[in-house]
Asks: 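First, the structure itself, so that you have it in front of you.
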Amino acid sequence: MYLPNILTVFRLVLTPVIVWLIVSDQLAEAFAGCLIAGVTDAADGFLARRFNWQTQLGSFLDPIADKFLLVSLYVTLGVLGHLPAWLAITVVSRDILIVGAVLLSWLMGVPMQMRPLFLSKVNTAAQVAFALLVLAELAFAPSLGAWLAYGAWIVGALTVVTASHYVILWLRHMSSAPEQNG
């Protein structure tokens, strides 16, 4: 029953290792680490759903692990100049915006359940795939120039669209919440 949570914690622990591998220019190993993170993410979700091993802890840990990995990858790759700065800023800003909105709702006494949208899952997959493409080009030197350019714009567009959607949902939630006196 705890296997999905163990896999998620493993992903959390693996993230700083992947960042270290990128920074220390061990890019093939970083690529492999990202693949392992992706497989464990798919495995923990599959196991939790298939065997009804879903837990409240897992429902919080899994998105934290996803955001931790993606933000770490995009900041690291962006700072090192391996992907466009505007894309790194867009991806990181979206996640900060969503987390900030949820925290603000909670602090204001009108907590909001944020359920991932289908398009948001597509966005996450695109962000991971793009980071893997960047690492693949860096590690194995295939020329992916045009693919990376198109990929950056697709990831950027998906990120902006999903951020906008979450902001709209949050604004609707906040405007329909009763005023708090005090």
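Quick note: numbers below take in every heavy atom, side chains included, and nothing from hydrogens, waters or symmetry partners.
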Asks: Could you check whether any side-chain heavy atom of Y74 comes within less than 4.5 Å of a side-chain heavy atom of V155, counting everything from C-beta outward?
Replies: yes
Asks: Starting from L87, can I reach W153 by hopping between I/L/V/M/F/W/Y residues whose side chains sit under 4.5 Å apart?
Replies: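 W153 clusters together with L87.
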Asks: For A131 and L73, work out which heavy atoms get closest and say how close.
Replies: CB-CD1, 4.0 Å
Asks: Run the side-chain contact (heavy atoms from CB on, under 4.5 Å) test on L21 and L27 for me, step by step, so that the C-alpha distance in whole Å, both residues' side-chain angles and the decisive distance to 0.1 Å come before the verdict.
Replies: CA-CA 6 Å; L21 290 168; L27 300 167; over 6 Å; no
Asks: State, to 0.1 Å, how close P63 and G58 come at their nearest heavy-atom pair, and which atoms those are.
Replies: CD-O, 4.2 Å
Asks: May I have the step-by-step check of side-chain contact (heavy atoms from CB on, under 4.5 Å) for L61 and R11, ending in yes or no?
Replies: CA-CA 10 Å; L61 275 183; R11 221 166 57 244; over 6 Å; no
Asks: To the nearest 0.5 Å, what is the distance between CZ (F130) and CG (L144)?
Replies: 10.0 Å
Asks: When you compare the side chains of D66 and T124, does any donor N or O come within less than 3.5 Å of an acceptor on the partner?
Replies: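 Side chains of D66 and T124: no pair found under 3.5 Å.
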Asks: Kindly indicate, with the supporting measurements, whether the criterion side-chain contact (heavy atoms from CB on, under 4.5 Å) is fulfilled by D41 and D62.
Replies: CA-CA 8 Å; D41 186 24; D62 188 63; 3.2 Å; yes
Asks: With a 4.5 Å heavy-atom cut-off, do L169 and M112 have their side chains touching?
Replies: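 Yes. Closest side-chain heavy atoms under 4.5 Å.
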Asks: Evaluate the side-chain proximity of R94 to S120: yes if any heavy-atom separation is below 4.5 Å, no if none is.
Replies: yes
Asks: Is a donor on one side and an acceptor on the other found under 3.5 Å between the side chain of R49 and the backbone of G45?
Replies: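 Yes; judged by distance alone, with no hydrogens or angles, the pair exists.
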